[in-house]
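Below is one structure, written out as structure tokens, with a few remarks after it.
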Amino acid sequence: MIDSIVRDTPRFWSGALFYGLAAAVMMLPQGCSKNSGSAPAAVANQSMAWRGEAETFRLLGTADLLRGLQVYGTPAANLRFAALGNDMFPGSDWQANWQLFLSTSLTNLVLADSNKALVGYYHPWSDVMLLTHWRKGADGKSQIESVDVLPGSAVRGDNPPSSFNRSWQSGETFAPEAVARITVETTRAFESRFGNASSDHLARLDEETKQALPTIAWLSFADFRLEVARLFVEDKSKPVVLGYWNEVQDAARSGHTGRSGALGDGIKAIGKLNSKIRESLSPVSYLSTEKSELLILASQVEPNLFVVLQTGGPGGKGDLRRVDLLSFQTFYDATHKAEAR
Amino acid sequence: MMRRNYIVGVALLAASMAVLPLAAQISGGSASITPGQATDNDMLVHDVTEWSDNLFADRNQAIFKDLAKQFTSEAKSDLALVAKLRELAANPKMSRELKNEGIKQALETYKSATTKENAAAFSQKVAKVLERLNFVATAAKAAGYAVEGDYTGAAAAVVQESTKNVLAGGGAVAVSWIPGGQYGGAMFGEYVHETYVKKAIEQYENSVRDKAYAEKYAGRPWLRPQVILDRDGTVRALPPDQYMGKDGVIRIREEDEQKAYEAQMHVNWANNQKWQQVEKDFAAGKVSPSQYSQLRAQWTMRNRNDRWNPLGAGNCDDAAKDPDVKEMLQIAKQLNVIAKSIETDVQGRTDSDAADAAAYRSAGKASGLMAKADRLQVLNKQVVAKYTKECLQGIAVSEGLAPATPTPSPVPTASNGSGTVFNKDGSREVMTTGKAADGKSVRVWTTYNKAGRVISTRVEQ
């Protein structure tokens with residue numbers, strides 16, 4: 001069984017990417033905002049230390065899952081990753097799928113004390129959370145002890161989960177806004193429902209439901225993959241929005257755009273990003289109707305950032321209508337501010 | 001008379017077209033340096049770009065195939081299965097037995113489930129899950145307003161404010177995801193790297209490359225061991241002459257296999273080093289954005305089995321020696337001579353018969369000229385794919401196919417935004433305008449030498 005789940009690292013995940021990602025993290029302050037203030041006080045913060053370890057695992061795991069597990073996984077957790085992978089990606093490359101998952105997941109943290117922490121890697125685009133239990137070993141090393149996977153609906157308290165649709169795609173809200181809202185909602189539910197050490201966050205679920213969670217998560221993740229895979233299929237009628245994305249990339253790199261107004265501003269904003277973050281933007285959603293195409297790309301270096309391109313301007317479906325650079329954090333902060341008023 | 005003029009016109013047009021590929025490059029001023037870009041790339045490493053190339057650009061279709069193979073082969077069977085499941089789920093009238101039967105049938109054609117045992121187990125799980133789902137909700141899928149719509153008022157304000165902040169260049173956008181965090185994400189990235197990533201890399205390197213390994217393969221950094229998950233859950237590195245196939249069996253390479261493997265690893269490593277150099281040159285302003293775009297295209301379209309020669313960056317010397325370029329130059333010169341000859345034949349003829357005779361002679365020459373022009377066009381396609389405009393411009397100038405100051409270029413001023421000054425020594429200075437980090441307008445002067453290479457840049461307030 002294990003033989004069959006131990007695979008070659010997929011070719012497109014360059015081994016050297018490991019170091020590229022590491023260096024990319026180091027570069028983050030340069031291209032985009034750089035907040036003033038000193039780090040030392042914050043560095044001392046315990047939760048920030050856990051967050052640092054957890055984010056490092058995400059980066060390593062994105063480049064090469066086994067490297068991440070080599071550094072942070074206990075043998076039991078490593079085997080659980082493989083077993084869950086088999087449940088969620090049956091017969092498929094479990095390592096590549098976890099890498100894909102981690103590459104645009106947001107690192108959430110609760111229950112952080114000197115010895116342990118609970119980290120939820122939430123993948124907004126499939127509405128799935130990978131739950132990892134961390135503990136400090138006798139040697140002081142932070143390690144992942146156990147792993148679970150939950151559909152986002154289960155994190156939000158939907159008992160039992162009622163749909164395998166990704167929640168942000170089920171309503172009548174503009175998709176980029178919907179995904180931001182659902183992500184904020186899920187994060188806050190994680191903070192409140194999983195942030196209490198004395199309660200079993202899955203206690204309300206019966207055993208059968210618990211057993212079904214990876215399969216429900218698979219349905220969502222498979223749906224996500226299908227949606228994005230369309231962009232990579234050889235097809236003469238390629239989505240027009242991909243051509244616009246090329247234009248935006250070229251303009252952002254060169255610093256020159258012929259677009260003005262809101263479109264020009266959106267492109268310029270992307271141009272302000274650190275080049276490593278910009279180059280790591282990868283498709284996470286592609287939706288299309290008769291009138292419009294919508295392409296969303298998230299940064300693999302900083303999954304908090306995503307770019308929205310929408311066609312369907314005055315010229316029709318082939319006319320670029322919108323280019324926006326968004327961050328989940330902005331929506332999260334705005335929600336807090338609104339509540340504080 | 002009209003026919004004569006037509007023939008002469010065609011001949012001259014052909015001549016001008018033939019010289020165009022090189023001469024057209026002469027109208028300089030294409031280079032631009034965006035202020036701040038150099039500092040933005042201080043710590044460039046090649047890998048993220050290589051990685052991202054696999055995913056994004058439409059023109060990198062060839063590279064997409066890697067991903068397409070990986071995901072679309074599975075996606076097709078996933079698609080069929082999920083579609084079937086949706087259909088089953090959306091039918092509340094269907095009995096449980098029928099649903100289970102439908103799921104089993106769907107799973108039989110599901111290629112991702114490798115074995116019957118897997119398929120059966122998966123089938124049961126999916127059946128149980130479907131029992132629990134809200135079928136009406138399950139049937140729903142994003143459409144209409146979710147795709148075509150717009151932000152609601154509050155979200156629109158958030159988006160607008162965010163964009164405004166980014167463009168203002170100050171507090172900008174929250175880079176990292178730190179819900180409830182006390183300080184900006186940018187600081188967090190630095191903190192993560194300095195505190196954890198470096199340490200994790202060291203730890204990993206130490207574990208996969210023990211002393212014996214390091215001694216045996218000293219000086220061959222391209223040999224990276226394959227890392228596997230063992231039966232007991234430990235992650236370990238295989239010796240460099242071993243590998244695990246997709247069947248999970250560890251094999252040892254034969255001597256000749258190992259040799260070929262090491263050679264390929266060396267090629268990969270060397271190519272990555274070259275790309276790294278290109279990015280460093282770009283960061284230092286030695287490579288213009290247009291050159292960089294060309295090089296990126298070359299890089300992503302390269303033959304991964306061979307050494308990559310980043311033509312166009314630092315290889316202007318090679319361009320001058322390239323047989324294709326030499327042949328182009330030769331043809332261009334011949335065409336110039338023929339075009340001049342046609343012009344001489346026709347000009348000044350007042351006698352109608354003599355003019356007609358000259359026109360027919362010209363027609364014969366034009367016919368040969370068109371053939372050469374066709375060849376030149378073919379060569380041009382190959383050459384422009386390999387070398388930058390700047391290189392070809394420099395060569396054309398040095399071969400006398402274009403004057404050093406061919407095009408009256410507007411004198412660059414702050415008001416006209418850009419322009420080129422041609423110097424007597426063949427070098428030229430290109431001015432572009434931009435904004436500095438503080439938002440003030442600046443002029444950026446880039447000096448190219450005769451060969452088209454960037455030799456200096458300076459920024460004026």
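Every chain is numbered from 1 and lettered A, B, ... according to where its sequence line falls, protein lines coming before strand lines. The model shown is predicted, which means the values in this text are computed figures rather than measured ones.
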Check: Val147(B) and Ser292(A) side chains under 4.5 Å, non-hydrogen atoms: yes

Just wondering, do Arg322(A) and Asp150(B) contact through their side chains at under 4.5 Å, heavy atoms? yes

Heavy-atom cut-off 4.5 Å, strictly under: side chain, backbone, both or neither for [X] against chain B?
{"X": "Asp265(A)", "result": "both"}
{"X": "Ala178(A)", "result": "neither"}
{"X": "Val308(A)", "result": "side chain"}
{"X": "Arg188(A)", "result": "neither"}
{"X": "Thr107(A)", "result": "backbone"}

Here the gap from Gln160(B) atom CD to Asp324(A) atom CG, rounded to the nearest 0.5 Å, amounts to 9.5 Å

Shortest non-hydrogen separation from [X] to [Y] and the atoms involved:
{"X": "Phe331(A)", "Y": "Ala155(B)", "answer": "CE2-CB, 3.9 Å"}
{"X": "Thr330(A)", "Y": "Val158(B)", "answer": "CG2-CG1, 3.4 Å"}
{"X": "Thr234(B)", "Y": "Pro75(A)", "answer": "CG2-CG, 4.2 Å"}

Go through Leu326(A) and Tyr151(B) one step at a time and tell me if the side-chain contact (heavy atoms from CB on, under 4.5 Å) criterion holds. CA-CA 12 Å; Leu326(A) 303 179; Tyr151(B) 302 104; 3.5 Å; yes

With sequence neighbours left out, the residues meeting side chain to side chain contact (heavy atoms under 4.5 Å, CB included) with Asn78(A) are Leu69(A), Leu229(B), Val235(B)

Gln310(A) side-chain N/O to Glu148(B) backbone N/O, donor-acceptor pair under 3.5 Å: yes

